2 protein chains.
Amino acid sequence: MTDKIPELEVLFELADLFKVFGDSTRLRIMYTLFDGENSVGAIAESLSMEQSTISHQLRVLRTNKLVKVRRDGKQIYYSLDDDHVKKIIEMGLDHVLE
Amino acid sequence: MTDKIPELEVLFELADLFKVFGDSTRLRIMYTLFDGENSVGAIAESLSMEQSTISHQLRVLRTNKLVKVRRDGKQIYYSLDDDHVKKIIEMGLDHVLE
DNA sequence: ATATCATATGAACAATTATTCATATGTTCA
DNA sequence: TGAACATATGAATAATTGTTCATATGATAT
């Protein structure tokens with residue numbers, strides 16, 4: 001019960017983390033990566049969105065250490081970088097689906 | 001693994017849910033309620049924030065079914081309305097604290 | 001080298017949002 | 001009824017953010 005309240009600084013980081021999950025485009029990108037790595041172009045095509053949009057959002061995910069990168073020739077492959085990602089999303093789904 | 005990707009509509013709801021967690025004031029309010037119900041004024045005072053700010057944010061939490069309300073005389077008491085709240089927050093903390 | 005392909009990045013714009021101020025609503029007590 | 005208290009609400013403002021367009025960077029192959 002009586003959980004210790006984190007420092008304000010930590011709460012800001014926590015809020016920032018949840019902000020990352022608070023955008024449907026980023027959620028869709030993460031779902032795209034549930035099955036394994038994927039290239040930027042492939043993600044963009046599979047979501048029918050602009051390459052630039054995906055690239056911008058991947059940067060957000062990267063900055064927050066939710067995805068990691070691998071380059072292979074001209075293409076750059078992204079994959080999930082955190083075990084919690086799926087868990088956090090599924091926990092949210094539990095709530096949404098009642 | 002191969003989780004089924006939720007409908008777009010569900011993904012929007014999911015994003016909306018995470019948006020609620022993506023604000024430090026709301027996180028602080030939720031932490032305030034970890035130990036049990038609390039009145040608006042008490043929350044405002046304990047966070048040293050304006051009553052109006054807290055009230056606005058409590059409405060967001062209420063709308064998203066994360067807190068529930070009880071009136072007792074002049075005061076209105078809020079409490080967490082969902083078992084997932086703590087779990088979602090703690091899962092996020094796990095990531096933030098590495 | 002240069003053309004081509006894949007991705008990243010910066011600027012601009014529209015849309016969303018958190019907070020504040022002022023005020024309204026609703027409750028209690030005299 | 002009226003005063004005092006607790007909370008809610010609307011309007012206004014400042015700040016943040018997602019997308020697009022145009023362009024830059026980096027890699028490959030000819």
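Every value quoted in this text rests on a predicted model; they were computed, and no experiment measured them. So that the names make sense, note that chain A is the first sequence line, chain B the second, and so on, each numbered from 1.
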With side chain to side chain contact (heavy atoms under 4.5 Å, CB included) as the criterion, how do A:Phe34 and B:Ile5 come out once you've worked through the C-alpha distance, each side chain's angles and the decisive distance to 0.1 Å?
CA-CA 9 Å; A:Phe34 267 34; B:Ile5 299 177; over 6 Å; no

Separation of [N] [atom2] from [X] [atom1] (nearest whole Å):
X       : N      : atom1 : atom2 : value
B:Leu58 : D:dT7  : CG    : C1'   : 10 Å
B:Phe12 : D:dG18 : CZ    : P     : 13 Å
B:Gln51 : D:dC5  : CD    : C1'   : 11 Å
B:Arg70 : D:dA6  : CZ    : C1'   : 14 Å
B:Ile76 : C:dT27 : CD1   : P     : 9 Å
A:Arg62 : C:dT9  : CZ    : P     : 6 Å
A:Asn64 : D:dG18 : CG    : P     : 11 Å
B:Glu50 : D:dA6  : CD    : P     : 16 Å

Full working for side chain to side chain contact (heavy atoms under 4.5 Å, CB included) between B:Met30 and B:Leu27:
CA-CA 5 Å; B:Met30 289 190 265; B:Leu27 284 179; 4.0 Å; yes

[X]: partners by side-chain contact (heavy atoms from CB on, under 4.5 Å), with sequence neighbours left out:
X       : result
A:Ala44 : A:Ile54
B:Asp82 : A:His95, B:His84, B:Val85
B:Ser55 : B:Gln51
B:Asp72 : B:Arg70, B:Tyr77

Tabulated below should be each protein N or O lying under 3.5 Å from an N or O of nucleotides 10-13 of chain D; please produce it.
unit_1, atom_1, unit_2, atom_2, d
D:dG10, O6, B:His56, NE2, 2.8

Can you find a side chain N or O atom of A:Tyr78 that sits less than 4.0 Å from OP1 or OP2 on C:dA6?
no

Output every pair passing salt bridge (charged side-chain N to carboxylate O under 4.0 Å, His left out) with a member in residues 46-58 of chain B, not counting sequence neighbours, ordered by first then second residue.
none

With sequence neighbours excluded, tell me which residues meet side-chain hydrogen bond (donor to acceptor under 3.5 Å, both in side chains) with A:Glu13.
none

Qualifying residues under side-chain hydrogen bond (donor to acceptor under 3.5 Å, both in side chains), relative to B:Arg28, sequence neighbours excluded:
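Partners of B:Arg28 by the side-chain hydrogen bond (donor to acceptor under 3.5 Å, both in side chains) criterion come out as none, since no residue qualifies.
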
Check: protein-nucleotides 13-18 of chain C nitrogen or oxygen pairs below 3.5 Å:
unit_1, atom_1, unit_2, atom_2, d
C:dA18, OP1, B:Arg26, NH1, 3.3
C:dA18, OP1, B:Arg26, NH2, 2.8
C:dA18, OP2, B:Arg26, NH1, 3.3

Please tabulate, for side-chain N and O atoms in residues 15-25 of chain B, each donor-acceptor pair with protein atoms closer than 3.5 Å (sequence neighbours left out).
unit_1, atom_1, unit_2, atom_2, d
B:Asp16, OD1, B:Lys19, NZ, 3.2
B:Asp23, OD2, B:Thr25, N, 3.1
B:Asp23, OD2, B:Arg26, N, 3.1

What string of B, S and - do you get for nucleotides 25-30 of chain D 5' to 3' if you count protein non-hydrogen atoms under 4.0 Å?
--BS--

Please set out all donor-acceptor pairs under 3.5 angstrom arising from side-chain atoms of residues 59-66 of chain A, sequence neighbours excluded.
unit_1, atom_1, unit_2, atom_2, d
A:Arg59, NH2, A:His56, ND1, 3.3
A:Arg62, NE, A:Tyr78, OH, 3.4
A:Arg62, NH2, A:Tyr78, OH, 3.2
A:Thr63, OG1, A:Arg59, O, 2.8
A:Asn64, ND2, A:Val60, O, 2.9

Which nucleotide in C:dT7, D:dT7, C:dA8 has an atom nearest any side-chain atom of A:Ser39:
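Minimum distance to the A:Ser39 side chain belongs to C:dT7.
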
